[in-house]
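Worksheet for the structure shown next.
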Amino acid sequence: MDAESLLLSLELASGSGQGLSPDRRASLLTSLTLVKRDYRYDRVLFWGRILGLVADYYIAQGLSEDQLAPRKTLYSLNCMEWSLLPPATEEMVVQTSVLKGRFMGDPSHEYEHTELQKMSEGEKVFEEEVVVQIKEETRLVSVIDQIDKAVAVIPRGALFKTPFGPIHVNRTFEGLSLSEAKKLSSYFHFKEPVELKNKTLLEKADLDPSLDFMDPLEHDIPKGSWSIQMERGNALVVLRSLLWPGLTFFHAPRTKNYGYIYVGTGEKNIDLPFML
């Protein structure tokens, strides 16, 4: 959710229990304004909160003028002091995939994981147990990246692609109509497309290249991984991810108000295919 409309966005998302205390809201309003100024971001999004056993991680993201350029991610434990996280790498994701359970809430905490590694001694090859230490900060980077790639959502038309390539905020976007807002095909993954590149020219014929340049949610696997509901007498549409419980997207049809927030433990629902 956009930091500039934080209070309204939190109010719209509050139906899912994604609220913050008044002092946290006040701290975020001030500190995120400073983050935008100091880091010279085009936009700052309040991404959400990952719940830890000792403390919670509050997450924000900075966007450049090109909205699909890699986002900078920051975290805070008190909503006032923000630390920049390193970019996620494939190595990080693989390394942290073995970690299960809740976050501690301490970035310097180290998890210990035992794995078998092949060792050689002359011509003799054998396996030996090695204890690998993984910092919680690395796990935090990896989980945020996975959630972003899987369930970050934006409505169709909120961004537009210029003929020269960069993706900008669509200042003329006035919201989806009520009928469009009820369709999963009206929402896109807020990231560089993957499936779109594999479509044939015939499949792309009906697409508007300036608006339909991201992957729609309707083809997500497993099918049924999104819950879509109308609330407040059809004045609000809410999408909830069943794959990453805690991710809520909201949009008030016929208005510019939309956004998403994650409030959860940072654990993926790997049993979802068996639950549907």
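Along the sequence shown, residues are numbered consecutively beginning with 1.
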ask   = Can you find a pair of side-chain heavy atoms, one from Asn269 and one from Trp244, that are under 4.5 Å apart?
value = no
task = Please round to the nearest 0.5 Å and tell me the distance separating atom NZ of Lys161 and atom CE of Met214.
result = 10.0 Å
inquiry  = Applying salt bridge (charged side-chain N to carboxylate O under 4.0 Å, His left out), can you list everything that pairs with Lys182, at least two apart in sequence or on another chain?
reply    = none
task = Using side-chain contact (heavy atoms from CB on, under 4.5 Å) as the criterion, list what pairs up with Leu243, not counting sequence neighbours.
result = Ser241, Lys268, Leu272
ask   = Quick one: are Phe249 and Ile228 in side-chain contact, heavy atoms under 4.5 Å?
value = no
remark   = Sequence neighbours excluded, the answer for ring pair (Phe, Tyr, Trp, His ring centres under 6.0 Å) partners of His109 is Tyr111
request  = Determine whether Leu45 and Leu34 fall in the same hydrophobic cluster, where Ile, Leu, Val, Met, Phe, Trp and Tyr are linked whenever their side-chain heavy atoms lie under 4.5 Å apart.
outcome  = no
ask   = Quick one: which of Glu137, Gln133, Met104 gives a side chain to side chain contact (heavy atoms under 4.5 Å, CB included) with Glu110?
value = Gln133
inquiry  = For the NE2 atom of His189 and the CD atom of Glu192, what is their distance to the nearest 0.5 Å?
reply    = 14.0 Å
query = In chain order, what residues pass the side chain to side chain donor-acceptor pair (under 3.5 Å) check against Thr96, with sequence neighbours excluded?
reply = Ser142
request  = May I ask you to say whether Lys183 pairs ionically with Glu218, meaning some side-chain N is under 4.0 Å from a carboxylate O?
outcome  = no
task = Give the minimum heavy-atom separation between Lys100 and Ser97, together with the two atoms involved.
result = NZ-O, 3.2 Å
query = Between the side chain of Ser225 and the main-chain N/O of Ile221, is any donor-acceptor distance below 3.5 Å?
reply = no
query = Under 4.0 Å between a Lys/Arg side-chain N and an Asp/Glu carboxylate O for Arg139 and Glu267?
reply = no
key: Heavy-atom side-chain contact between Leu176 and Pro155 under 4.5 Å   = yes
ask   = Do the side chain of Tyr187 and the main chain of Ala181 share a donor and acceptor less than 3.5 angstrom apart?
value = yes
query = Which heavy-atom pair separates Ile134 from Thr138 by the least distance, and what is that distance?
reply = CG2-CB, 4.4 Å
request  = Supply the atom-to-atom distance Asp56 CG to Leu51 CG, rounded to the nearest 0.5 angstrom.
outcome  = 5.0 Å
key: All side-chain contact (heavy atoms from CB on, under 4.5 Å) counterparts of Ala3, not counting sequence neighbours   = Leu32, Val44
task = Check whether any side-chain heavy atom of Val263 lies under 4.5 Å from a side-chain heavy atom of Leu247, and answer yes or no.
result = no
message = Minimum heavy-atom separation for Val153 and Tyr260, please, with both atom names.
response = O-CD2, 3.3 Å
note = Hits for side-chain contact (heavy atoms from CB on, under 4.5 Å) against Ala69, two or more places apart or cross-chain, chain-then-number order -> Ser64, Asp66
inquiry  = Between Tyr262 and Trp47, is the ring centroid distance below 6.0 Å?
reply    = yes
message = Are Met1 and Leu6 packed together at the side-chain level, in the sense that at least one heavy-atom pair is separated by less than 4.5 angstrom?
response = yes
inquiry  = Is it the case that the side chains of Glu136 and Tyr57 hold a donor-acceptor pair, with the cut-off being a distance below 3.5 Å and no angle test?
reply    = yes
ask   = Between the main-chain N or O of Val141 and the side-chain N or O of Asp145, is there a donor-acceptor pair closer than 3.5 Å?
value = no
message = How close do Pro107 and Lys135 get, counting heavy atoms only, and between which atoms?
response = O-CE, 4.0 Å
inquiry  = Run Leu53 and Phe103 through side-chain contact (heavy atoms from CB on, under 4.5 Å) and show every step you take.
reply    = CA-CA 6 Å; Leu53 296 173; Phe103 277 81; over 6 Å; no
Ring centers of Tyr58, Tyr75 separated by less than 6.0 Å = no
task = Would you give the length of the straight line joining atom OG1 of Thr33 to atom CG of Leu28, rounded to the nearest 0.5 angstrom?
result = 10.0 Å
task = Report the residues that fulfil side chain to side chain donor-acceptor pair (under 3.5 Å) with Arg102, sequence neighbours left out, ordered by chain and then residue number.
result = none
inquiry  = Checking Asp220 now: which residues fulfil salt bridge (charged side-chain N to carboxylate O under 4.0 Å, His left out) with it, not counting sequence neighbours?
reply    = none
task = Hey, could you give me the NZ/CG distance between Lys256 and Asp2, rounded to the nearest 0.5 Å?
result = 12.0 Å
task = Could you list the residues that satisfy side-chain contact (heavy atoms from CB on, under 4.5 Å) with Thr114, not counting sequence neighbours?
result = Glu129, Val131
query = Any side-chain heavy atom of Leu74 sitting closer than 4.5 Å to one from Ile59?
reply = no
key: Donor-acceptor contact below 3.5 Å, side chain Lys191 vs main chain Lys149   = yes
query = Considering only heavy atoms from C-beta outward, does the side chain of Ile154 approach that of Tyr258 to under 4.5 Å?
reply = yes
Just list the side-chain donor-acceptor pairs under 3.5 Å for residues 77-93, sequence neighbours left out, or say none.
from, atom 1, to, atom 2, distance (Å)
Asn78, OD1, Ser76, OG, 3.1
Asn78, OD1, Met80, N, 2.9
Asn78, OD1, Glu81, N, 3.0
Asn78, ND2, Glu81, OE1, 3.0
Trp82, NE1, Ser31, OG, 3.1
Thr89, OG1, Met92, N, 3.2

key: For Arg24, salt bridge (charged side-chain N to carboxylate O under 4.0 Å, His left out) partners two or more places apart   = none
ask   = Does one side chain, of Gln67 or Arg43, offer a donor that lies under 3.5 Å from an acceptor on the other?
value = yes
key: Residue pair Ser227 / Leu242: nearest heavy atoms and the distance that separates them   = CB-CD2, 4.4 Å
query = Within a strict 4.5 Å, meaning less than it, do heavy atoms of the Asn234 and Arg232 side chains meet?
reply = no
inquiry  = Any side-chain to backbone donor/acceptor pair from Ser5 onto Ser9? Under 3.5 Å, distance only.
reply    = no
query = Which residues, ordered by chain and number, are linked to Leu211 in its hydrophobic cluster, where ILVMFWY side chains connect at heavy-atom gaps below 4.5 Å, directly or through other members?
reply = Phe160
message = Is it the case that over 12 heavy atoms from other parts of the model lie below 6.0 angstrom from the CD atom of Gln95?
response = yes
message = Would Arg254 and Glu174 count as a side-chain contact (heavy atoms from CB on, under 4.5 Å) here? Give the steps.
response = CA-CA 6 Å; Arg254 297 187 292 271; Glu174 293 294 338; over 6 Å; no
request  = For Arg71 and Tyr41, run side-chain contact (heavy atoms from CB on, under 4.5 Å): C-alpha distance rounded to whole Å, both residues' side-chain angles, the deciding distance at 0.1 Å, then the answer.
outcome  = CA-CA 10 Å; Arg71 302 193 271 276; Tyr41 294 136; over 6 Å; no
query = Should Leu239 and Phe250 be marked as a side-chain contact (heavy atoms from CB on, under 4.5 Å) after you check the CA-CA gap, both sets of side-chain angles, and the distance that decides it?
reply = CA-CA 6 Å; Leu239 273 70; Phe250 59 88; over 6 Å; no
query = How close do Phe46 and Ile261 get, heavy atom to heavy atom, and via which atoms?
reply = CE2-CD1, 3.9 Å
